[in-house]
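Below, each value reflects all heavy atoms present in this structure, side chains not excepted, and no hydrogens, waters or symmetry copies.
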Amino acid sequence: MLLVADIGNTNITLGIFEDKKFKFDFRLPSDKELSQEEYEVILKSMLKDYNIDGCVIASVVNELNVKFKAAIDNILGLNSIFVTDKIHLGITIIADNTAEVGADRIANVVAAVNKYHDKSVIVIDFGTATTFDIVNSKKEFCGGIIIPGLKTQLKSLFLGTSKLPQIELGDSPKALGTTTEEAILAGVVRGSACAIDGLIEHCERELGEKAIIILTGGYSGLVSKYMKHPFDESNPILTLEGLRYIYCMNK
């Protein structure tokens, strides 16, 4: 079995694959305060029922990189693969500084290339940040877009104003909000959908062709119902699938 780990700003998502088949996933908070030993205790308990013989890790939280990899390697007796721009990815990254490109974004693009081969693809990942990752038909990761995620927007409104309340993220019942909560949700949820529609048009214009649109991330279902632009696939485990492809290329 293969363990894949996606360390994000909010959560660590662990997935288990048996050959090519996705079996299970687990989540735990991305807690920078936990020690390597504490992570070992947690991971040992979570993984005790699985016979894992390989692991690949993507991380955007530098403070967790060393201790999380060490915890995984110690309890499983492995030398896990860590995703960077230096390993074999099957794509060309076009960036002024390739080391700046997040490992989760690399995994998304690798999954897209392996699914759609010679097509241009735009991956939109709804997380702490909402990111666009664009790969062209030459398998070149040619750029991206980063905007504040939905919960990040809500938090910013609460912290940056004196009167707007802290509210829970949820559906936007109408565009013309008659309460403060409705108005905020309309701006954040429907506003994000409108921004995404417009940004897809800008990306396709610069690519010079239509692209396959893939949605992923926890809030994709909430936003997609308000999008006008059609999408080709909604895949909540796209990043994990990308990590599996990366493992197969580097094991």
Interatomic spacing from [atom1] in [X] to [atom2] in [Y] - rounded to 0.5 Å:
X    : Y    : atom1 : atom2 : value
I237 : R244 : CD1   : CZ    : 9.5 Å
L47  : M1   : CG    : CE    : 11.0 Å
K67  : N74  : NZ    : CG    : 14.5 Å
Y39  : I72  : OH    : CD1   : 10.5 Å
D118 : K139 : CG    : NZ    : 8.0 Å
N235 : E241 : CG    : CD    : 4.5 Å

Do [X] and [Y] have side chains that approach each other closer than 4.5 Å (heavy atoms only, starting at C-beta)?
X    : Y    : result
V109 : V101 : no
P165 : E181 : no
D25  : P236 : no
E233 : Y116 : yes
Y219 : K151 : yes
L215 : M227 : yes
L222 : S192 : no
K115 : I212 : no

Q | Test side-chain contact (heavy atoms from CB on, under 4.5 Å) applied to N114 - qualifying residues, sequence neighbours left out | A |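 Per chain and number, N114 pairs via side-chain contact (heavy atoms from CB on, under 4.5 Å) with V110, Y245.
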Q: Using the side chain to side chain contact (heavy atoms under 4.5 Å, CB included) rule, take V223 and T130 through it: C-alpha gap first, then chi angles, then the decisive distance, then the call.
A: CA-CA 11 Å; V223 178; T130 298; over 6 Å; no
Check whether [X] reaches the backbone of [Y] with its side chain - one donor and one acceptor, N or O, closer than 3.5 Å.
X    : Y    : answer
E40  : I75  : no
D133 : G144 : no
E140 : N136 : no
R190 : S172 : yes
K69  : S80  : yes

Counting only heavy atoms not in [X] (residues, nucleotides, ligands), do more than 12 fall under 6.0 Å from its [atom1]?
X    : atom1 : result
N51  : CG    : no
K155 : NZ    : no
L159 : CG    : yes
D19  : CG    : no
E168 : CD    : no
E206 : CD    : no

Do you reckon [X] sits in the same ILVMFWY cluster as [Y], going by side-chain contacts under 4.5 Å, direct or chained?
X    : Y    : answer
L238 : I93  : yes
L2   : F68  : no
I57  : V4   : no
I134 : F126 : yes
L240 : L64  : no

Closest non-hydrogen atom pair, [X] against [Y]:
X    : Y    : value
I145 : C203 : CD1-SG, 3.6 Å
A112 : V135 : CB-CG1, 4.5 Å
G8   : S30  : O-OG, 2.6 Å
G15  : F22  : CA-CE1, 4.2 Å
I246 : I87  : CG2-CD1, 3.6 Å
S120 : K210 : CB-O, 4.2 Å

Donor on one side chain, acceptor on other, [X] and [Y], under 3.5 Å:
X    : Y    : answer
S59  : N65  : yes
N108 : T239 : yes
D85  : T98  : yes
R105 : T131 : no

Q. Does the pair L43 and L14 meet the rule for a side chain to side chain contact (heavy atoms under 4.5 Å, CB included), with working shown?
A. CA-CA 10 Å; L43 292 166; L14 304 175; 3.7 Å; yes
Q. Given the rule in the side chain to side chain donor-acceptor pair (under 3.5 Å) test, do D6 and T13 qualify, once you have shown the distances and angles that lead to the verdict?
A. CA-CA 5 Å; D6 176 24; T13 303; 5.0 Å; no
Q: Decide side chain to side chain contact (heavy atoms under 4.5 Å, CB included) for L243 and I81; before the verdict, give the C-alpha distance in whole Å, the side-chain angles of both, and the deciding distance to 0.1 Å.
A: CA-CA 10 Å; L243 291 176; I81 294 168; over 6 Å; no
Q) Do NZ/NE/NH1/NH2 and the carboxylate oxygens of D197 and K228 come within less than 4.0 Å? A)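 Looking at D197 and K228, the cut-off is not met.
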Q: Give the C-alpha distance, both sets of side-chain angles, the deciding distance and a yes or no for side chain to side chain contact (heavy atoms under 4.5 Å, CB included) between D31 and E38.
A: CA-CA 11 Å; D31 191 342; E38 288 170 315; over 6 Å; no
Q. Looking at the rings of F24 and Y50, which for Trp means the six-membered one, are their centres under 6.0 Å apart?
A.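 Here the rings of Y50 and F24 have centres that are less than 6.0 Å from each other.
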